[in-house]
Amino acid sequence: MELTGEVVINAARTRVWIALNDPAVLTACIPGCEAVEQVGPLEKTARMLVKVGPVRAKFSGRILMSDVVESERCAMTFEGSGGAAGMARGRSQVELSDEGESTRLHYTVQASVAGKLGLVGGRMIDGAAKQMADQFFNAFQLHLAPAQPDADKLPTESKAPGAAQVQPLVTHSRSEDMTVAGATVTQQPTSKLTDDMEWLRVKWFAMGVLATAIGVWLGAQL
Amino acid sequence: MKSAAFDYVKPAAMAELFELLQSHGDDARILAGGQTLLATLNMRLSEPKLVIDITGLQELRGIHQVGDRLYIGALTTHTEIENSALVSQHAPMLTMAAPHIAHRAIRNSGTWGGSIAYGDPAAEWPCCLCAMDGHVHLQSPNGSRKISATDFFIDLYTTALAPDEVVVGADVPLASQADWFAFDELARRHGDYAVAGLAVAASFTGKVAQRVNLAFLGIGTIPWRARRTEALLVGKTLDLATVEIAVASLKAELDPLPDLTHTPETKRHLATVLARRLLSAAHANRSAIAV
């Protein structure tokens, strides 16, 4: 199975990077995700309930990151096991680039499935993977968009000037999202020094989470 | 392999079914013919706490003509549809499609409503319903509603069915003299999931096509209506040149999803093979009538 996709996310690149690495954001956005945990600096585990058609399988996955360039790209390898249902493993690359004031996220996933999932789900793996990816990015957009009014209140924020300008009109709905996303954003503007420190830490974290996310899709695609 | 343990209930009335659905939510699965659900349970791809067997609900059975539509109850089996005189008279496409559904044993148990509620992109009934502009009938504790099949199927295994709703049946328009139907699919072996399939619901005035609905199965995540090519064919005489135009248009319009063994190009090619076959058959049929 090979999946390639591109999404334009309505926020500055650095914000997208942070959000992609925030386990709270990922847990909320990945369809069926129950938990994302940090196991080592480059390693994460994730648990999710995959619901595709008649399949309701609990997956646990491991994601290992490599080639990390902060706010730009990373690669990850993952392995997901769905118990009796089967397993999936593969590799993924994610790249971020500027698109005006927004961010273009390009991803590729190569994966293979084994076990009953391969037998039963092989026919629909591509469709399911696309569906999961779409659900994730829709939720991810929603997460970033409602956070922007918060960003507006913080004129000192130098890292993501774009974010303040992008669609401040999206004030609507989803109060739970607001709180989670708001919490994420308030991390960065504190001060520039701590900001940089935070970045380093967050970068690894972020990569892990992204990796987890992709791993989770993989699991999900089955 | 056997399924994980689950509770089993067989309600005797719709009200009881709705009560169970409301109290158990996503932990409950509805069992109709069981041709998908039981396999999924036995493979432990799904472990619901409760299985609700609806086969005791007589109101979900039967095939009736209602006004200018043919209504088929959800629990009607594929075999009953295949053998129904009423169906072959009023909805011949269903009679043509039925033999393509898996194997005899599965057709004897599997149901019309089960296939529709499941919404497999390679399933025959959803594709036929979309081609014929059928309606799906849904019921919930709050009442009944009808929804057009093309609106009912939303995404891969995702339908407009609400959590507290059940599919009680679906109807299709009665066939008239002007109508022409065809159904065919390509599978590695008969009864396998089709790689590609096509249902054509057309109506003609003489040799001129007034409507040519083309619904493909196995191509997208839901039955794929080729709207652009359909529009191209309206008002045309379906001669062989027009068929080639339609095939060329389909090549540009169809964007199939691959599976583990077939690339999008393979699927696109097979879809156009079917289109050429069925539209040529339509041409031959209309020429014979006109002569």
Side-chain angles (χ1 to χ4, degrees), chain A residues 1-5 31-32 34 48-60 80-90 108-139 217-222, chain B residues 1-4 6 26-32 34-49 51 114-115 117-123 153-159 187-188 192-196 217-222 224 255-264 267:
Chain A
M1 199 276 310
E2 223 177 292
L3 179 67
T4 304
E34 287 166 358
M48 66 184 291
L49 175 70
V50 176
K51 280 200 217 176
V52 178
V55 175
R56 299 270 190 286
K58 285 213 170 178
F59 269 81
S60 53
S81 163
M87 62 168 307
R89 62 157 64 107
T108 60
V109 184
Q110 299 98 37
S112 59
V113 280
K116 284 196 286 299
L117 272 172
L119 277 175
V120 181
R123 200 165 46 92
M124 280 300 121
I125 277 177
D126 286 78
K130 277 211 175 92
Q131 189 182 40
M132 295 282 298
D134 288 348
Q135 283 173 7
F136 170 76
F137 284 113
N138 282 340
W217 301 339
L218 279 169
Q221 36 170 284
L222 315 168
Chain B
M1 196 162 170
K2 292 294 171 202
S3 72
F6 55 81
D26 200 42
D27 288 333
R29 304 275 93 191
I30 292 181
L31 173 67
Q35 296 309 294
T36 299
L37 181 64
L38 294 186
T40 313
L41 293 183
N42 285 343
M43 294 204 185
R44 302 215 175 183
L45 291 174
S46 167
E47 298 184 8
K49 296 201 173 73
V51 168
S115 169
Y118 178 37
D120 192 292
F153 302 103
I154 295 172
D155 199 349
L156 184 66
Y157 299 123
T158 309
T159 63
R188 292 183 63 212
D192 280 6
Y193 284 110
V195 179
L217 59 80
I219 296 296
T221 55
I222 55 171
W224 184 312
D255 183 18
L257 277 173
D259 59 31
L260 290 182
T261 41
H262 303 91
T263 61
K267 288 204 166 204

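Note on naming: letters A, B, ... go to the chains in the order of the sequence lines (proteins, then strands), and numbering restarts at 1 for each one.
- Taking the salt bridge (Lys or Arg N to Asp or Glu O under 4.0 Å) definition, one finds that Asp259(B) meets it with Lys267(B), sequence neighbours left out.
- When the candidates Leu41(B), Val195(B), Asp120(B), Thr159(B) are compared by the number of heavy-atom contacts under 4.5 Å with chain A, Asp120(B) comes out ahead.
- Your options are Arg44(B), Glu47(B), Arg29(B), and the one with the most heavy-atom pairs under 4.5 Å with chain A is Arg29(B).
- Heavy atoms of Ala39(B) lying under 4.5 Å from chain A are absent altogether.
- Only the side chain of Pro121(B) has a heavy atom closer than 4.5 Å to any heavy atom of chain A.
- Residues passing the side chain to side chain contact (heavy atoms under 4.5 Å, CB included) test with Ser81(A), sequence neighbours excluded: none.
- Although no hydrogens or angles enter the test, the distance criterion places no donor-acceptor pair under 3.5 Å between the side chain of Gln131(A) and the main chain of Asp155(B).
- The residue among Thr221(B), Leu37(B), Leu156(B) with the most heavy atom pairs within less than 4.5 Å of chain A is Leu156(B).
- In this structure, the portion of Thr158(B) lying under 4.5 Å from any heavy atom of chain A is its side chain and not its backbone.
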